[in-house]
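Right, one structure below, let's go through it.
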Protein chains: 2
Amino acid sequence: MLHLLGSTKHAEKRKSTLVKMDEVIFDFLSKYIELTQEEKDIISDLKFIRSYKKGSVLLSEGDLGKECFFILKGCIYSYYLVEGELKVTEFFTEKQAITPVSYTLKKPSEYYLECLEDCIVSIGSQERSAEIMKKIPRLATLGPNFLEDELASQRMKYDTFIKLSPEQRYQNLQEQSPELLNRIPQYLIASYLGIKPESLSRIRKRLLKASGS
Amino acid sequence: MLHLLGSTKHAEKRKSTLVKMDEVIFDFLSKYIELTQEEKDIISDLKFIRSYKKGSVLLSEGDLGKECFFILKGCIYSYYLVEGELKVTEFFTEKQAITPVSYTLKKPSEYYLECLEDCIVSIGSQERSAEIMKKIPRLATLGPNFLEDELASQRMKYDTFIKLSPEQRYQNLQEQSPELLNRIPQYLIASYLGIKPESLSRIRKRLLKASGS
DNA sequence: GCTTTTCATTGACCTGGGTTAAGAAATCGC
DNA sequence: GCGATTTCTTAACCCAGGTCAATGAAAAGC
């Protein structure tokens with residue numbers, strides 16, 4: 001997913017915003033590697049940034065997604081369309097990387113990626129990754145570490161889903177990521193929890209009653 | 001998960017069986033890398049094999065699992081114990097590698113690994129991986145590829161679970177891995193599908209009636 | 001600002017899976 | 001082989017979540 005990386009012709013925006021955006025990238029990378037100022041400059045130079053309006057679809061079913069994404073600002077969600085019904089699998093926000101299965105496996109995507117808000121996104125590709133790797137070879141160590149983290153968190157996600165009831169999953173979400181509840185419409189939250197909006201309403205009412213008494 | 005690998009003092013078994021077991025390892029590795037006879041010999045030499053009786057627990061909640069596993073023969077399943085209740089998350093059989101989260105993240109395990117049958121297992125550790133890597137450095141390329149595969153399949157597993165109803169999940173399992181149904185007790189299958197044994201019985205009856213008419 | 005659309009909630013009713021309990025079938029242990 | 005144990009099935013009843021439909025609230029369009 002080394003996609004924070006790549007050449008850009010876009011560098012004509014307001015400087016101050018771009019510098020702030022770069023910090024988001026470095027903040028993310030610092031989890032895996034310490035960069036010198038020189039290296040940061042290289043990345044700032046080569047990254048490729050694009051912005052999207054709310055509702056933009058970054059990846060559709062059937063697409064041979066050749067791009068991966070890193071969110072600088074905004075919120076993106078992934079979902080399947082099964083028999084016309086939306087099945088949300090994940091929400092992504094600032095400082096999160098999105099590596100579609102179709103990117104890794106080089107085959108058509110089975111799901112969608114869509115902007116829930118206006119977004120600023122850094123876009124990666126195989127070519128741009130290669131380019132940046134050539135200039136900062138030690139970034140290669142980052143790959144396996146990132147993959148390991150992703151694998152672990154994907155497993156935890158599955159296991160949590162298995163272990164909890166819909167009601168417990170909602171409570172869990174409240175505790176783990178309360179900010180999402182104030183940012184994402186409830187019918188999408190419901191889908192993410194594996195239930196219908198009506199059921200989520202009832203669960204919320206039930207919990208309010210229980211905590212209020 | 002480079003754990004097919006490591007020194008053994010166990011090499012006193014029947015030769016023929018061991019050779020056959022080695023083939024299982026090479027068959028697995030051939031998905032990622034082509035090995036010379038020389039390299040195969042090195043691996044045969046260094047691998048560490050152990051056998052377990054049905055019911056043996058390879059990893060318990062709280063264990064700091066310092067081992068990973070590769071199944072040569074038999075069947076292993078992973079499960080959580082939540083409020084006394086078994087929640088099966090996966091079945092593993094021949095030619096499958098098991099890399100516990102606790103192994104990767106070096107923290108206590110939250111789940112169990114248990115033998116469903118008598119098993120023959122190749123056991124890996126950080127030290128043994130390092131040892132074999134020293135002798136066959138190009139095995140290092142295997143790591144990221146394996147991680148990518150694992151990540152993709154873990155995601156697909158989650159997504160399939162999200163998308164399907166319990167009944168559809170059973171049908172899906174029938175199509176994808178019919179052999180598991182003839183190998184694993186139904187109460188564990190039920191748990192794996194996220195339902196109770198009684199419900200699985202009903203589903204089976206429903207499907208039989210539907211296909212029989 | 002006003003209209004239109006989208007989203008959230010509520011109620012009545014349905015349904016598939018959970019619970020409990022019992023008996024049948026398969027497997028294990030000796 | 002035979003009793004003990006484990007696993008599977010069935011039945012009756014319960015309940016959380018699904019469905020359908022109506023209403024209210026909030027956002028988005030113009």
For the residue pair [X] and [Y], what are the closest heavy atoms and their distance?
X	Y	result
A:Ser102	A:Leu59	OG-CD2, 4.0 Å
A:Leu207	A:Gln171	CD2-NE2, 3.6 Å
A:Tyr52	A:Ile123	OH-CD1, 3.2 Å
A:Ser129	A:Tyr103	OG-OH, 4.3 Å
B:Arg183	B:Gly74	NH2-O, 3.2 Å

Provide a list of protein-nucleic acid N or O atom pairs under 3.5 angstrom, restricted to nucleotides 28-30 of chain D.
| unit_1 | atom_1 | unit_2 | atom_2 | d |
| --- | --- | --- | --- | --- |
| D:dA28 | OP1 | A:Lys54 | NZ | 3.2 |

Interatomic distance, [X] [atom1] vs [N] [atom2] [rounded to whole Å]:
X	N	atom1	atom2	answer
A:Asn182	D:dA26	CG	C1'	16 Å
B:Asp118	C:dC28	CG	C1'	13 Å
A:Arg169	D:dA16	CZ	P	15 Å
B:Leu181	D:dC8	CG	P	11 Å
B:Ile189	D:dT7	CD1	P	13 Å
A:Arg204	D:dA16	CZ	P	19 Å

Original post:
Under 6.0 Å between ring centres, would you say that holds for B:Phe91 and B:Tyr192?
Top reply: yes
Give a yes-or-no answer on whether the side chains of [X] and [Y] include a donor-acceptor pair shorter than 3.5 Å.
X	Y	answer
B:Tyr158	A:Gln154	no
A:Arg204	A:Tyr170	yes
B:Asp149	B:Tyr32	yes
B:Glu198	B:Ser201	no

Quick test: give all pairs of protein nitrogen or oxygen and nucleotides 3-7 of chain C nitrogen or oxygen below 3.5 Å, distance rounded to 0.1 Å.
| unit_1 | atom_1 | unit_2 | atom_2 | d |
| --- | --- | --- | --- | --- |
| C:dC7 | OP1 | A:Tyr187 | OH | 3.0 |

**OP:** Starting from the first five and the last five pairs of the helix from C:dG1-D:dC30 to C:dC30-D:dG1, work out the angle between the resulting helix axes, to 10 degrees.
**Re:** 70°
**OP:** May I ask you to decide if A:Gln168's main-chain N or O and A:Ser165's side chain share a donor-acceptor pair within less than 3.5 Å?
**Re:** yes
Original post:
What pairs of residues pass the salt bridge (Lys or Arg N to Asp or Glu O under 4.0 Å) test when at least one of them lies in residues 65-78 of chain A, not counting sequence neighbours?
Top reply: none
Subject >> With sequence neighbours excluded, residues passing side chain to side chain contact (heavy atoms under 4.5 Å, CB included) with A:Lys163 >> reply: B:Tyr80, B:Val82, B:Glu110
**OP:** Determine, for nucleotides 11-19 of chain C in 5'-to-3' order, which nucleotides have protein heavy atoms under 4.0 Å from the base (write B), from only the sugar-phosphate (write S), or from neither (write -).
**Re:** SB----BBB
